[in-house]
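Remarks on the structure that follows.
One-based numbering along the sequence shown. Computed from a predicted structure; not experimentally measured. All ligand and atom numbering here is 1-based and tracks the order in the structure.
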Amino acid sequence: MRKIAVIGARGQLGSRIVRGLIARGQAPGAIVAVVRTPDRAAELAALGCDLRRGDYDDLDSMTRAFAGCRTVMLVPTFAPVEPRILQHARAVEAARRAGARRLVFSSFIASSPESPFLVTPFLTYAESALRVSGLEWTILRNGMYADPLVPYAPDLVASGRIPYPAGEGKISYVTRDDLARASAAALLDGACAGKAYDLTGAEALSIAELAALITKITGKPVYYEPASDEEFAAMCREPGLPDYLPQALVTIYHAAAQGFLGKVTGDIETLTGKPPERLESFLAGPLAS
Ligand SMILES: NC(=O)c1ccc[n+]([C@@H]2O[C@H](COP(=O)([O-])OP(=O)(O)OC[C@H]3O[C@@H](n4cnc5c(N)ncnc54)[C@H](OP(=O)(O)O)[C@@H]3O)[C@@H](O)[C@H]2O)c1
């Protein structure tokens, strides 16, 4: 059985990829779920996965964790750019040392060097590192998650305002479930080697269109009133969140304003045979209730 390792397996995307692999017929015992603290991964253990300890900050732990795996799925962390680059370099080296044949990387749609998104230098580095790794590679450029709109919505509705500084730019929001289904399909299909996919939602919406959609679903008026960069950064500052995050969020919307988040492709359907869920259908249940 060809084992597949997923690092970041306890996370919201990684755990869905593990489930996606099982749904596509991979035996749970042939999925190596790589986590920092196996004691906290009871759900993955209950699925029957081969649970192993591996830390992006510890080369040897990853080399041990990837042992016997043909393919390694790299779901990145939330670390700031420079340490995240080092984490990725270690993970690629660990895969090589462990004898893996193929790497699949969760990138982001705004990975082109011209994008103003603060994390883009990590993405351009990480994609290049895969291409020169000497291993087979597949790059999955994930669109902007739709999922966080659900917990943000009550505040947006209460204030009647969406403050994202995205100008007229459009965003092709996509759900983690769809990204995970597509990632699992790519992991299991050797024909994806040497290819990059842009995993986007079915349509791209401006923030004004998003406001209209939330108004339609909730029946409560919400308008697009962009904040200044300073005001928006202050809104994003919360205890416990990484220091770089407010500026990352400001620049992600600058990237949207400049057209880096609005691409719409059929790549999810190409990989899975099923189109991605539309934003209205995804938001309708949780926001209407
Ligand atoms: N496309 C988008 O819109 C978007 C938005 C935000 C972020 N992202 C990127 O996508 C990634 C996955 O998203 P997500 O929603 O799954 O995030 P998440 O739920 O926070 O999961 C991140 C995972 O990274 C693991 N991790 C953190 N530091 C690690 C380390 N040193 N070694 C090994 N694992 C480590 C965490 O492990 P523990 O369980 O041990 O804490 C966690 O399981 C994020 O980390 C970020 O890079 C994309």
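Nearest to atom 25 (C) of ligand 1 among the protein's heavy atoms is Gly8 CA, 4.3 Å. At the shortest separation from atom 10 (O) of ligand 1 among protein heavy atoms lies Tyr145 OH, 3.1 Å. Closest to atom 26 (N) of ligand 1, if we only count protein heavy atoms, is Thr77 CG2, 3.7 Å. The protein non-hydrogen atom at the shortest distance from atom 1 (N) of ligand 1 is Gly143 O, 3.0 Å.
Under a 4.0 Å N-O distance rule, the pair Arg90/Glu93 does not qualify as a salt bridge.
Contacts between Val75 and ligand 1 below 4.0 angstrom, taking non-hydrogen atoms only, involve the side chain exclusively. With a 4.0 Å cut-off on non-hydrogen atoms, Arg90 does not touch ligand 1 at all. Looking at Arg176 against ligand 1, only its side chain comes within 4.0 Å, counting heavy atoms.
When the shell of 6.0 Å around CZ of Arg24 is examined, it contains more than 12 heavy atoms from other residues, nucleotides or ligands.
Proximity to Phe108 (heavy-atom distance under 4.0 Å) selects the following atoms of ligand 1: 1 (N), 2 (C), 3 (O). Heavy-atom proximity to Met144, at under 4.0 Å, picks out these atoms of ligand 1: 3 (O). Residue-ligand proximity, Leu13 to ligand 1, at heavy-atom distances under 4.0 Å covers atoms 14 (P), 16 (O). The Asp57 neighbourhood of ligand 1 comprises atoms 31 (N), with distances under 4.0 Å to a heavy atom of that residue.
Under the side-chain contact (heavy atoms from CB on, under 4.5 Å) criterion, Val150 pairs with Phe282, Leu283, Pro286, Leu287, sequence neighbours left out.
Side-chain contact check for Val72 versus Leu135: every heavy-atom pair is 4.5 Å or farther apart.
Inclusion of Gly11 in the set of residues having an N or O under 3.5 Å from an N or O of ligand 1 is warranted.
Taking the six-membered ring where tryptophan is involved, the planes of Tyr164 and Tyr152 are perpendicular, since the angle between them exceeds 60° and thus also 30°.
There is a side-chain donor-acceptor pair under 3.5 Å between Glu127 and Ser111.
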